[in-house]
K.L.:
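Sharing a structure with you now.
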Amino acid sequence: MSFIRHLIVIVGPTAVGKTALGIKLARHFCTEIISADSRQFYREMQIGTATPSAGELLQAKHYFIQNKSATDYYNASMFEFDALEMMDKLFKNQNIILMVGGSTLYVDAVCNGIDDLPAIDMELREKLMKQYREEGLEFLRHKLKVLDPDHYQKVDLRNPNRMLKAIEVSLITGKPYSSMLTATSKERNFNIIKLGINRERPELFSRINQRVDQMIADGLVDEVKSLMSIRESNALKTVGYREIFEYLDGSISLSLAIEKIKTNTRRYAKRQLTWFSRDKGMPWFHPENTDQIVDYIQSKL
RNA sequence: GGUACCAUAGCUCAGUCGGUAGAGCAACGGACUGAAAAUCCGUGUGUCCCCGGUUCGAUUCCUGGUGGUACCA
């Protein structure tokens with residue numbers, strides 16, 4: 001056992017059992033949890049995001065849960081800053097901190113860092129969005145080709161969000177977006193022990209289905225109903241909320257909405273797994289295999 | 001019990017005037033540095049219910065099963 005600081009990072013697809021494992025590990029290592037979940041920040045969205053219960057939150061201290069409003073603007077870079085600041089504080093009292101979460105980009109922001117870019121300008125985004133809606137992808141392609149020809153060569157020219165981001169940054173800074181990307185990981189003053197947890201696909205899917213049914217039983221429809229007035233906010237572009245909005249609009253039945261939530265959650269889980277699979281050296285465990293997981297972590301301390 | 005219709009992908013179904021088949025959804029695979037539970041891209045995965053018959057060749061036509069649906073009893 002050394003005196004090096006360690007960040008134990010637990011990633012895995014949605015509904016795999018990260019919360020329960022995180023609590024066990026936090027208790028085992030006598031530490032606290034940085035949550036890296038881009039939807040559990042929002043205090044208005046608890047049922048649909050499977051936020052840890054009050055009882056669970058008592059068993060281990062969690063940070064970055066219910067600390068934002070769904071109308072707040074927040075992003076991975078801001079999370080990188082906030083999480084590092086929090087960890088600095090926590091490392092004063094302990095050498096091990098846990099980070100648990102399935103938000104791929106947010107985890108990446110803390111582990112590897114993301115490049116410094118200017119804050120977004122909402123007015124500019126709205127203006128570009130409007131033109132995109134009126135003129136289509138060609139508008140974005142043309143704009144990007146002029147502002148950042150290098151990025152134009154690399155970016156997916158069918159993905160509006162990607163192009164929009166590059167255009168925004170280029171316009172705000174007056175420099176091509178791609179010139180600001182360093183493609184290097186930032187140095188961290190702690191060691192990172194990262195591991196993935198997963199289950200067999202049928203097992204994972206059945207947990208997803210059960211969890212969605214439980215959300216409905218717990219009152220998801222009412223939760224979503226109460227958020228009707230802020231449905232346009234980015235936080236609510238989320239599986240479980242969009243589908244219920246459709247139901248509340250009367251455009252689909254409740255049972256279809258439930259089916260769609262299940263399907264979209266399965267797809268989300270797959271996207272997470274695809275992202276995590278890029279991490280070639282990362283070991284994978286079954287979330288109930290706690291002893292094996294603890295042994296692995298011990299061996300890395 | 002009788003009559004009619006149906007049986008093709010995980011599901012709902014199309015189709016082949018006889019040359020081993022294709023849509024939607026689901027599923028599967030992938031990309032991704034400030035919207036990331038977002039955004040975007042790619043891929044048919046098949047004893048054409050079973051046993052025979054006709055045929056160079058049957059998922060397709062015919063006999064007989066089996067299962068289902070509807071109607072009549």
Side-chain angles (χ1 to χ4, degrees), chain A residues 11-16 18 35-42 45 47-51 70-82 101-122 124-126 128-129 132 137 140-141 151 154-170 172-173 177-186 201-202 204-205 208-209 211-212 215 220 232-244 256 259-279:
Chain A
V11 298
T14 190
V16 76
K18 292 187 294 295
S35 169
D37 188 303
S38 71
R39 289 299 185 266
Q40 292 179 3
F41 300 135
Y42 304 112
M45 301 163 59
I47 298 172
T49 60
T51 298
T71 53
D72 291 342
Y73 177 78
Y74 201 59
N75 63 39
S77 178
M78 294 160 85
F79 179 69
E80 174 189 6
F81 182 86
D82 291 343
S103 296
T104 55
L105 187 61
Y106 286 63
V107 171
D108 217 52
V110 173
C111 293
N112 303 313
I114 50 183
D115 291 317
D116 293 324
L117 296 177
I120 67 149
D121 175 342
M122 278 302 181
L124 175 63
R125 174 170 295 186
E126 277 309 313
L128 292 169
M129 282 287 281
Y132 162 58
L137 283 172
L140 297 176
R141 288 175 185 162
H151 200 60
K154 281 178 272 176
V155 78
D156 177 357
L157 294 173
R158 281 176 292 195
N159 191 327
N161 286 13
R162 291 281 137 69
M163 288 192 283
L164 204 60
K165 183 67 208 167
I167 293 167
E168 278 174 16
V169 172
S170 302
I172 291 170
T173 61
Y177 168 73
S178 56
S179 71
M180 280 168 271
L181 303 180
T182 61
T184 53
S185 284
K186 290 185 190 165
R201 205 60 76 86
L204 181 65
F205 284 7
I208 287 173
N209 294 341
R211 194 170 75 175
V212 172
M215 286 174 180
L220 179 62
E232 293 308 320
S233 65
N234 178 53
L236 287 165
K237 291 181 177 175
T238 297
V239 175
Y241 292 82
R242 287 176 151 180
E243 297 85 351
I244 298 294
L256 180 58
E259 276 318 301
K260 285 178 87 166
I261 294 172
K262 289 175 180 173
T263 299
N264 289 332
T265 306
R266 276 181 245 135
R267 290 177 170 165
Y268 169 50
K270 173 59 179 92
R271 270 179 272 133
Q272 290 174 298
L273 288 168
T274 298
W275 178 290
F276 295 137
S277 72
R278 295 204 298 195
D279 216 325

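Letters A, B, ... mirror the listed sequences (proteins, then strands); counts begin at 1. Computation of the quantities below employed the complete heavy-atom set of this structure, encompassing side-chain atoms and omitting hydrogens, waters and symmetry-equivalent molecules.
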K.L.:
Check nucleotides 40-45 of chain B against the protein and report each pair of N or O atoms closer than 3.5 Å, with its distance, or say if there are none.
P.N.:
unit_1	atom_1	unit_2	atom_2	d
B:rC40	O4'	A:Asn159	ND2	3.2
B:rC40	O2'	A:Asp156	OD2	2.5

K.L.:
Is a side-chain donor or acceptor of A:Gln40 paired with a backbone partner of A:Asp37 at a separation under 3.5 angstrom?
P.N.:
no
K.L.:
Rounding to a whole Å, what distance do you find between A:Glu259:CD and B:rC11:P?
P.N.:
15 Å
K.L.:
What's the CH2-C1' distance between A:Trp275 and B:rG30, to the nearest Å?
P.N.:
13 Å
K.L.:
Could you tell me whether the side chain of A:Lys260 and the main chain of A:Ile244 form a donor-acceptor pair under 3.5 Å?
P.N.:
no
K.L.:
Taking for each residue the nucleotide of RNA chain B with the nearest heavy atom, is it A:Lys270 or A:Asp115 whose nucleotide lies nearer the 5' end?
P.N.:
A:Lys270
K.L.:
Could you check whether A:Thr14 gets within reach of a base, just the sugar-phosphate, or nothing at all, counting any heavy atom under 4.0 Å?
P.N.:
nothing
K.L.:
Residues two or more places apart in sequence or in another chain: which of them pass salt bridge (charged side-chain N to carboxylate O under 4.0 Å, His left out) with A:Asp279?
P.N.:
A:Lys194
K.L.:
Within the 4.0 Å heavy-atom criterion, would you say A:Tyr42 contacts the bases, only the backbone, or no part of the nucleic acid?
P.N.:
nothing
K.L.:
Can you list everything that forms a side-chain contact (heavy atoms from CB on, under 4.5 Å) with A:Thr182? Sequence neighbours excluded, please.
P.N.:
A:Asp115, A:Thr184
K.L.:
Respond yes when some side-chain nitrogen or oxygen of A:Arg266 is under 4.0 Å from OP1 or OP2 of B:rA26, and no when none is.
P.N.:
no
K.L.:
Has A:Lys186 got a side-chain N or O lying under 4.0 Å from the OP1 or OP2 atom of B:rU33?
P.N.:
no
K.L.:
If the C1' atom of B:rA36 is compared with that of B:rU45, how far apart are they to the nearest Å?
P.N.:
30 Å
K.L.:
Could you check whether A:Met129 gets within reach of a base, just the sugar-phosphate, or nothing at all, counting any heavy atom under 4.0 Å?
P.N.:
base
K.L.:
Could you measure between the two C1' atoms, the one in B:rU59 and the one in B:rC51, and give it in whole Å?
P.N.:
16 Å
K.L.:
Contact class for A:Phe79 vs. all strands (heavy atom < 4.0 Å): base, sugar-phosphate, or nothing?
P.N.:
nothing
K.L.:
With sugar-phosphate meaning primed atoms plus P, OP1 and OP2, does A:Asp116 contact a base, only sugar-phosphate, or nothing at under 4.0 Å between heavy atoms?
P.N.:
base
K.L.:
If the cut-off is 4.0 Å, is A:Tyr268 near the phosphate of B:rA36, judged by side-chain N/O to OP1 or OP2?
P.N.:
no
K.L.:
Not counting sequence neighbours, which residues clear salt bridge (charged side-chain N to carboxylate O under 4.0 Å, His left out) with A:Lys186? List them please.
P.N.:
A:Glu80, A:Asp116
K.L.:
Look at the side-chain N and O atoms of A:Arg201 and state whether any lies under 4.0 Å from the OP1 or OP2 oxygen of B:rG29.
P.N.:
yes
K.L.:
With a non-hydrogen cut-off below 4.0 angstrom, is A:Lys165 in contact with a base, only sugar-phosphate, or nothing?
P.N.:
sugar-phosphate
K.L.:
B:rA27 and B:rG64: how far apart are their C1' atoms, nearest whole angstrom?
P.N.:
38 Å
K.L.:
Can you list the residues that meet the side-chain contact (heavy atoms from CB on, under 4.5 Å) rule with A:Arg141, with sequence neighbours excluded?
P.N.:
A:Leu137, A:Glu138, A:Tyr152, A:Leu157, A:Arg158, A:Met163
K.L.:
Of all residues at least two apart in sequence or in a different chain, which pass the ring-ring contact (aromatic ring centres under 6.0 Å, His included) check with A:Tyr74?
P.N.:
A:Phe41
K.L.:
Any base atoms under 4.0 Å from A:Thr265, or only sugar-phosphate, or nothing? Heavy atoms, all strands.
P.N.:
nothing
K.L.:
Of all the heavy-atom pairs spanning A:Ser233 and A:Thr71, show the shortest one and how long it is.
P.N.:
CB-CA, 4.5 Å
K.L.:
Partners of A:Thr49 by side-chain hydrogen bond (donor to acceptor under 3.5 Å, both in side chains), sequence neighbours excluded?
P.N.:
A:Thr51
K.L.:
Rounding to an integer number of angstrom, what distance separates B:rU16 and B:rG22 when you compare their P atoms?
P.N.:
14 Å
K.L.:
What's the closest nucleotide to the A:Ile114 side chain, out of B:rG34, B:rA38, B:rA36?
P.N.:
B:rG34
K.L.:
So if I take every side-chain heavy atom of A:Thr274 and compare against B:rA31, B:rC28, B:rG34, which nucleotide ends up nearest?
P.N.:
B:rA31
K.L.:
Scan A:Gly113 against the nucleic acid and name what it touches under 4.0 Å (heavy atoms): base, sugar-phosphate only, or nothing.
P.N.:
nothing
K.L.:
In whole angstrom, give me the gap between the P atoms of B:rC5 and B:rC62.
P.N.:
11 Å
K.L.:
Taking for each residue the nucleotide of RNA chain B bearing the nearest heavy atom, is the 5' side occupied by A:Phe205 or by A:Leu117?
P.N.:
A:Phe205
K.L.:
P atom, B:rG57 versus B:rG18: distance in rounded Å?
P.N.:
15 Å
K.L.:
Considering residues at least two apart in sequence or located in another chain, which fulfil the side-chain contact (heavy atoms from CB on, under 4.5 Å) criterion with A:Phe205?
P.N.:
A:Arg201, A:Ile208, A:Arg266
K.L.:
What integer distance in Å separates A:Ile208:CD1 from B:rA26:C1'?
P.N.:
14 Å
K.L.:
Using a distance-only test with no angle check, is there a side-chain donor-acceptor pair under 3.5 angstrom linking A:Arg211 and A:Thr14?
P.N.:
yes
K.L.:
Treating a pair as Watson-Crick (purine N1 to pyrimidine N3 plus N6-O4 or O6-N4) or G-U wobble (N1-O2 and O6-N3) with both distances under 3.5 Å, list the stems of 3 or more consecutive pairs that involve RNA chain B.
P.N.:
B:1-7 with B:66-72, B:10-13 with B:22-25, B:27-31 with B:39-43
K.L.:
Base, sugar-phosphate or nothing for A:Asn264? Non-hydrogen atoms, less than 4.0 Å.
P.N.:
nothing
K.L.:
Would you kindly give the CG-to-P distance between A:Leu164 and B:rA38, to the nearest whole Å?
P.N.:
17 Å
K.L.:
In whole Å, what is the span from the CZ atom of A:Arg267 to the C1' atom of B:rC32?
P.N.:
18 Å
K.L.:
For B:rG34 and A:Tyr73 - does any side-chain N or O of the residue sit under 4.0 Å from the phosphate oxygens OP1/OP2?
P.N.:
no
K.L.:
By the rule that syn is within 90° of 0, classify the base conformation of B:rG30 as syn or anti.
P.N.:
anti
K.L.:
Report which part of the nucleic acid A:Ala183 touches: base, sugar-phosphate, or nothing (heavy-atom distance under 4.0 Å, all strands).
P.N.:
base
K.L.:
Which whole number of Å gives the distance between the C1' atom of B:rA38 and that of B:rU33?
P.N.:
14 Å
K.L.:
Take atom CZ of A:Phe41 and atom P of B:rA35, then tell me their distance rounded to the nearest Å.
P.N.:
14 Å
K.L.:
If you check the A:Arg278 side chain, which of B:rA35, B:rA27, B:rA31 turns out closest?
P.N.:
B:rA31
K.L.:
Would you kindly say whether A:Asp108 and A:Tyr106 are connected by a side-chain donor-acceptor distance under 3.5 Å?
P.N.:
no
K.L.:
If I take atom NZ from residue A:Lys165 and atom OH from residue A:Tyr177, how far apart are they, to the nearest 0.5 angstrom?
P.N.:
7.0 Å
K.L.:
What distance, rounded to whole Å, do you find between the two C1' atoms, one in B:rC72 and one in B:rC17?
P.N.:
35 Å
K.L.:
Under 4.0 Å between a side-chain N or O of A:Tyr74 and OP1 or OP2 of B:rG34?
P.N.:
no
K.L.:
Using whole Å, report how far CZ of A:Phe276 lies from P of B:rC32.
P.N.:
15 Å
K.L.:
What is the distance, to the nearest angstrom, from the CG atom on A:Asn112 to the P atom on B:rU33?
P.N.:
11 Å
